[in-house]
Amino acid sequence: MLKIIIPSNIKILIKEQLISNGENEIGGTLLAEKIGNNSFKIKELTTQKRSGTKVFFVREWTIGLNRYFHNFFKRTNHEYSRFNYIGEWHSHPLFEVHPSQTDISTMNDLINFKIPDANFLILLIVKLDSNQEIEASVTCFLKNGYFENAELKWED
Ligand SMILES: [Zn+2]
């Protein structure tokens, strides 16, 4: 099973985004460092407001985002096998943190067609519970339409 580690600085960022966006969905991309065979630590995330609250937001591969990725790869010395884009995150402020049918088909589209070089991609879904704590799920999507839960570990 894939293991995803989220360090405290990234957790703080996610929480801030969830608090400031209330019932509006928010999301973006995740950039990670490979730290073991099946372990990845989230290093950075990008955030983009989502249009509409109920429909999965299909993120545009904007020039700004490409520039951000380029900059990330430069900062990490183009060690793509160690530092790379690992997938997407978004919030379900009003729903369970499970991937919706639309989320599943969007991720399948990404892994099979939009980013064919990737062996897998993850989808992190987050929300705030009634105690303002983060509730989350991570799903790992593979090429053939297969997907499974990944293990999520929050670092203190
Ligand atoms: Zn969703």
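Numbering starts at 1 and runs along the sequence shown.
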>> Evaluate Glu88 against Leu110 for side-chain contact (heavy atoms from CB on, under 4.5 Å), listing each step before the verdict.
In response: CA-CA 10 Å; Glu88 304 281 315; Leu110 274 181; 3.8 Å; yes

>> Testing the 3.5 Å rule here: is there a donor-acceptor pair between the side chains of Arg75 and Asn71?
In response: yes

>> Can you tell me which residue among Asn77, Thr76, Leu31 is in a side-chain contact (heavy atoms from CB on, under 4.5 Å) with Phe83?
In response: Thr76

>> Are Thr47 and Gln17 packed together at the side-chain level, in the sense that at least one heavy-atom pair is separated by less than 4.5 angstrom?
In response: yes

>> To check you understand the geometry: which heavy-atom pair defines the closest contact between Asn38 and Met1, and what is its length?
In response: CB-O, 4.0 Å

>> Quick check for you: to the nearest 0.5 Å, what is the distance between Leu2 atom CG and Ser39 atom OG?
In response: 7.5 Å

> Distance only, no hydrogens: is a donor on one side chain within 3.5 Å (strictly under) of an acceptor on the other, for His78 and Tyr80?
Replying inline: yes

>> Is any side-chain heavy atom of Glu155 closer than 4.5 Å to one of Ile5?
In response: yes

> With hydrophobic residues grouped by side-chain heavy-atom distances under 4.5 Å, do Ile14 and Ile19 end up in a single group?
Replying inline: yes

> Is the closest side-chain donor-acceptor distance between His92 and Asp103 under 3.5 Å?
Replying inline: yes

> Under the side-chain contact (heavy atoms from CB on, under 4.5 Å) criterion, do Val97 and Val126 qualify, and how do the steps go?
Replying inline: CA-CA 6 Å; Val97 292; Val126 289; 5.7 Å; no

> Is it true that Phe120 and Tyr146 fall in one hydrophobic cluster, defined by side-chain heavy atoms closer than 4.5 Å?
Replying inline: yes

> Which distance, rounded to the nearest 0.5 Å, do you find between the NZ of Lys43 and the CD1 of Ile6?
Replying inline: 13.5 Å

>> I need the Phe40 CZ to Lys34 NZ distance, nearest 0.5 Å.
In response: 5.0 Å

>> Contact between Ile42 and Trp89 at the side-chain level, heavy atoms closer than 4.5 Å - yes or no?
In response: no

> How far apart are the closest heavy atoms of Pro93 and Gly22, and which atoms are they?
Replying inline: CB-O, 3.5 Å

>> Is there a side-chain contact (heavy atoms from CB on, under 4.5 Å) between Ile4 and Glu151? Walk through the geometry before answering.
In response: CA-CA 6 Å; Ile4 301 297; Glu151 185 187 341; over 6 Å; no

>> Using 0.5 Å steps for rounding, measure from the CE atom of Met107 to the CZ atom of Phe147.
In response: 11.0 Å

>> Given 3.5 Å as the limit, does a donor-acceptor pair link the side chain of Ser91 with the main chain of Ile26, or not?
In response: yes

> Is Ile86 reachable from Ile35 through a run of hydrophobic residues whose side-chain heavy atoms are each under 4.5 Å from the next?
Replying inline: no

> So does Glu33 pair up with Lys41, basic N to acidic O under 4.0 Å?
Replying inline: no

> Can you name the one residue among Tyr68, Phe72, Tyr85 that meets side-chain contact (heavy atoms from CB on, under 4.5 Å) with Thr46?
Replying inline: Tyr68

>> Would Leu142 and Ile111 count as a side-chain contact (heavy atoms from CB on, under 4.5 Å) here? Give the steps.
In response: CA-CA 7 Å; Leu142 300 165; Ile111 183 88; over 6 Å; no

>> Under a 3.5 Å distance rule, please check whether Lys143 uses its side chain to pair with a backbone N or O of Ala118 as donor and acceptor.
In response: yes

> Would you say Glu96 has more than 12 foreign heavy atoms packed within less than 6.0 Å of its CD?
Replying inline: no

> Say you draw a straight line from CG of Leu124 to CG of Leu30; how long is it, rounded to the nearest 0.5 Å?
Replying inline: 6.0 Å

> Can you get from Ile122 to Trp154 by hopping between Ile, Leu, Val, Met, Phe, Trp and Tyr side chains that sit under 4.5 Å apart?
Replying inline: yes

> Are side-chain N/O atoms of Asp109 and Thr106 paired as donor and acceptor at under 3.5 Å?
Replying inline: no

>> Within the structure provided, determine whether Leu123 and Val138 are in side-chain contact (heavy-atom separation under 4.5 Å).
In response: no

> Which heavy atom of Leu18 sits nearest a heavy atom of Lys127, and at what distance?
Replying inline: CD1-C, 3.9 Å

> What is the distance from atom NE2 of His90 to atom CD1 of Ile125, rounded to the nearest 0.5 Å?
Replying inline: 4.5 Å

> Under 3.5 Å, side chain of Asp129 to main-chain N/O of Gln132, donor-acceptor pair present?
Replying inline: yes

